[in-house]
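Just follow the structure's listing: the first ligand is 1, and inside any ligand the first atom is 1. What's counted below: heavy atoms across the whole structure, side chains too, no hydrogens, waters or symmetry copies.
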Amino acid sequence: MELSRHSSIILSITIVTTFVSFVKSSLPQGLQTLNISSEISTDPNITASFATDFGNLFNCTPGAVFYPSSPNDIATLIRFSYTSSKPFPISQRGRGHSTYGQTLVPDGILIDMSSLGHTNYSRINVTDGPFPYADVGAEQLWIDVLNATLKRDLMPRMLTDYLYLTVGGTLSNAGISGQEFKHGPQISNVYELDVVTGTGEIVTCSREFNPDLFYAALGGLGQFGVITRARFALEPAQKRVRWRRLFYTDIKLVTSDLEKLISPDNNLSGIIDFVEGEVLLSATQASLIGSTFNFTDSDVQKIIDLASDNNGPIYLVDAVVFYNDTTATSAEQKVDLLLKELQYTSGFAFSNDIPLLNFLNRLHYQETARSSQGQFHPWLSMFVPK
Ligand SMILES: *[C@@H]1O[C@H](CO)[C@@H](O)[C@H](O)[C@H]1NC(C)=O
Ligand SMILES: *[C@@H]1O[C@H](CO)[C@@H](O)[C@H](O)[C@H]1NC(C)=O
Ligand SMILES: *[C@@H]1O[C@H](CO)[C@@H](O)[C@H](O)[C@H]1NC(C)=O
Ligand SMILES: *[C@@H]1O[C@H](CO)[C@@H](O)[C@H](O)[C@H]1NC(C)=O
Ligand SMILES: *[C@@H]1O[C@H](CO)[C@@H](O)[C@H](O)[C@H]1NC(C)=O
Ligand SMILES: *[C@@H]1O[C@H](CO)[C@@H](O)[C@H](O)[C@H]1NC(C)=O
């Protein structure tokens, strides 16, 4: 289920004061002598631009922003803090999509991970064969990984809903989307990581080598080191998707259908590749639905009327089958079979058939279409307890 974005800015004068005192008195002694000192900026205009995150609930200016040109540079900074008599806080940031200030580091040093990508070495390497995988720099965006793998007729086995997030960022969390019921979160599809640890060593880890670090760094919210490279599973790419969007007015029917769709004990679960739900809280929210699917104006009106008549939230379920040229007919038959067994509101099953990339990148198109209305992509996706 997805909730819309709420935002409020907490601006405090104390934070600004603390920042000034950091620059004047607490910039770690000796930092200027390191070979990475030219990559560290205390320019207030720069630090201010890293003071908040996507959640926009907190505002804490870092003392400095660090632009590493390699994982070795990150190791140099962390080793310096670790061996210093006054260790200082360090945090890392990809696209800054944390929702509760997790990447913010008041008065500390914030690592801008994107600068690792400013290199002439390839940061997305694809290896095919019977067990294809990719080696990717943590700063890379999933959209760029997807784009690069599709050129080799491969795709990551597991993606997030929103693709303009970094590999290191989502692997420090979990990485979920409607494919989760099949493959688990993204962190269950990782083979190997490079991590700069809290002592400033660069360690390669996997299920076999340094497994404690591997399992701690995956989903570790950046608390166990800085992920700088990940190797994860790919699979053969599909070409297009058959996408059914079903509407409901009763949450009990939604949850029972979702369960039917994903339960491994049920013969429907092998059919679909992607399942997700969304809550539309009001007719006003329902009126924004047009940009997210190929609805006609009269479809949108029908959905708004459903929401108005229901006088409460309505729900939608997306059930999607991925296919290629040889599986197109069977994909259609499967979807028809599936619909017969679901309990959506009669007359409220809509169909769409689009290229795979457009489907996987749907939140970006939605974001582009909706930004003029002040609503961006969903604030978060979450699991609904039974
Ligand atoms: C910071 O931004 C302000 C306003 O945009 C500008 O006047 C000032 O020159 C900038 N300072 C630096 C150090 O770039
Ligand atoms: C700084 O020194 C480390 C070795 O201690 C090296 O690996 C790294 O590339 C250097 N960084 C820069 C920016 O010169
Ligand atoms: C990449 O290569 C180009 C020319 O080959 C060079 O001008 C540039 O400085 C290099 N960039 C880095 C980050 O090494
Ligand atoms: C990709 O391969 C090149 C060439 O072997 C290597 O220099 C680079 O470090 C690799 N990138 C990653 C992210 O593994
Ligand atoms: C994918 O890469 C191509 C260049 O190879 C670029 O033109 C295109 O915009 C990229 N697509 C996305 C969705 O980033
Ligand atoms: C699933 O099984 C039920 C009964 O066992 C059957 O009626 C139904 O057609 C099957 N559905 C699909 C999609 O195979």
Hey, is Lys260 close enough to Glu341 for a salt bridge, meaning N to O under 4.0 Å?
no
Does the protein put a heavy atom less than 4.0 Å from atom 4 (C) of ligand 4?
no
Among all protein heavy atoms in this structure, tell me which lies nearest to atom 9 (O) of ligand 2, with the distance rounded to 0.1 Å.
Asp73 OD1, 3.6 Å
Going by the atom numbers of ligand 4, which of them fall below 4.0 Å from some non-hydrogen atom of Tyr121?
7 (O)
I want to confirm something. Looking only at heavy atoms, which of Ile202, Ile74, Asn35 is nearest to atom 14 (O) of ligand 2?
Asn35
Taking atom CZ of Phe88 and atom CD1 of Ile109, what is their separation to the nearest 0.5 Å?
4.5 Å
Determine, counting only non-hydrogen atoms of the protein, whether one lies under 4.0 angstrom from atom 11 (N) of ligand 4.
yes
Those atoms of ligand 2 less than 4.0 Å from some heavy atom in Asn72
7 (O)
Phe295 and Phe293 aromatic ring geometry - parallel, tilted or perpendicular at 30°/60° bounds:
tilted
With heavy atoms of Asp135 as the reference, note each atom of ligand 4 found under 4.0 Å away.
13 (C), 14 (O)
Taking only heavy atoms of Gly137 into account, list the atoms of ligand 4 that are under 4.0 Å away from them.
13 (C)
Among Val226, Asn210, Leu213, Thr228, side chain to side chain contact (heavy atoms under 4.5 Å, CB included) partner for Val195
Leu213
Measuring centre to centre across the rings, with the benzene-like ring taken for any Trp, is His118 within less than 6.0 Å of Tyr67?
no
Are Val65 and Val105 grouped together when hydrophobic residues (ILVMFWY) are joined by side-chain heavy atoms under 4.5 angstrom apart?
yes
Are any side-chain N or O atoms of Arg207 and backbone N or O atoms of Val190, one a donor and one an acceptor, separated by less than 3.5 Å?
yes
Give a yes/no verdict on a cation-pi contact between Arg362 and Phe359, requiring under 6.0 Å between NZ or CZ and the six-membered ring centre and an angle within 45° of the axis.
yes
Of all protein heavy atoms, the one nearest atom 8 (C) of ligand 4 is Ser122 O, 3.5 Å
Taking both backbone and side-chain atoms of Arg229, is any N or O found less than 3.5 Å from an N or O belonging to ligand 4?
no
Under a 4.0 angstrom heavy-atom cut-off, which atoms of ligand 4 come close to Asn125?
1 (C), 2 (O), 3 (C), 8 (C), 10 (C), 11 (N), 12 (C), 14 (O)
